[in-house]
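One-based numbering, in listed order, for ligands and for the atoms of each.
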Amino acid sequence: MPVPSADLPRWRRAARIAAEARELGLSLATPGRRRRDVADAIEAYIQKQGAEPAFPANLSRNVEAAHYTPSPEDEVTLEDGDLLKVDVGAHIDGAVADTAATVEVGGGRRHENLIRAAREGLEAGIARVRGGVAVNELSIAIEGAIGRRGLKPIRDLTGHTIETYLLHAGKSIPNASGLSGEHLVEGEIVAIEPFATNGAGSIENGVFGNIVRFRTDPGGDDPWLRATYERFRTLPFTARWIEAGADRDRLRRARRHLQTYPVFVERGGGLVAQAEHTVLVRAGGVEVLTRLD
Ligand code: MN
Ligand code: MN
């Protein structure tokens, strides 16, 4: 569904903040730095700029494609040569922007082909966006760009339309052709996010990635649970955002109200690069909301 045009300034503000937070995360991805410190810095930046994280900063590495955020106790440090996805979301009163880029920690060029494939897939998809376009036209372009680098798109991870407080609003944007019969509508907000891999081109569930969200409204019996639901609604969150001690114990006990997300791992053990922008569909083209220029 199109976003009301009166709301667009809010979406543009959230998108600029998300894009700046993405760039901050990329710049902090240096050997020896804790992943947890990178995630904390990204999320603190978003809040300092007057937005809220729309989901925990995802810092998935190497064969991890998506949905890893550091736990409060995570001491893992980034290593030279790690292929790190920095996937960031910011929202202002439910106007959500979602953007990602991939960096090789240490600045080497071992993974350049993968990083470029994801980025070129994204640009090829964006170039096709206009009101009324068939989603499959974007998918063909994405798959073609990644294939030209001798790599595969991940077929079971997709872009998505976004609506107020809804990160995945219903329409998927596949990264491979022949999977969608839908069309984009002028005024829609869409996240386009190709994943490129040298593996099998699909994902499987790994361990818990420290990301949860409320399945439904937990009701009013438990005041802490009530307040936590009021804070996050059904957007994803993480234990790092909950005060250490009694509240984190309450979160653990609340498991039955929560959906937990596993890390998505490349099925063939391949390395994965991702690139993502949030865009506004225009009648004759596109406005890339999360591009800084
Ligand atoms: Mn994302
Ligand atoms: Mn997304």
Sole candidate of Glu75, Glu64, Glu73 that passes salt bridge (Lys or Arg N to Asp or Glu O under 4.0 Å) when paired with Arg35
Glu64

Is the count of non-hydrogen atoms from other residues, nucleotides or ligands lying under 6.0 Å from Arg240 atom CZ greater than 12?
yes

For the rings on Phe264 and His67, is their centre-to-centre separation under 6.0 Å?
yes

For Arg215 and Gln259: C-alpha separation, side-chain torsions, deciding distance, then whether side chain to side chain donor-acceptor pair (under 3.5 Å) applies.
CA-CA 6 Å; Arg215 294 174 191 283; Gln259 176 187 348; 5.6 Å; no

Name whichever N, O or S atom of Asp87 ends up nearest to the Mn ion (ligand 1).
OD1

Measuring to the Mn ion (ligand 1), does Glu193 have an N/O/S atom at a distance below 2.8 Å?
no

Looking from the Mn ion (ligand 2), what is the angle between OE2 on Glu276 and OD2 on Asp98, to the nearest 10°?
80°

Does His160 bring an N, O or S atom to within less than 2.8 Å of the Mn ion (ligand 2)?
yes

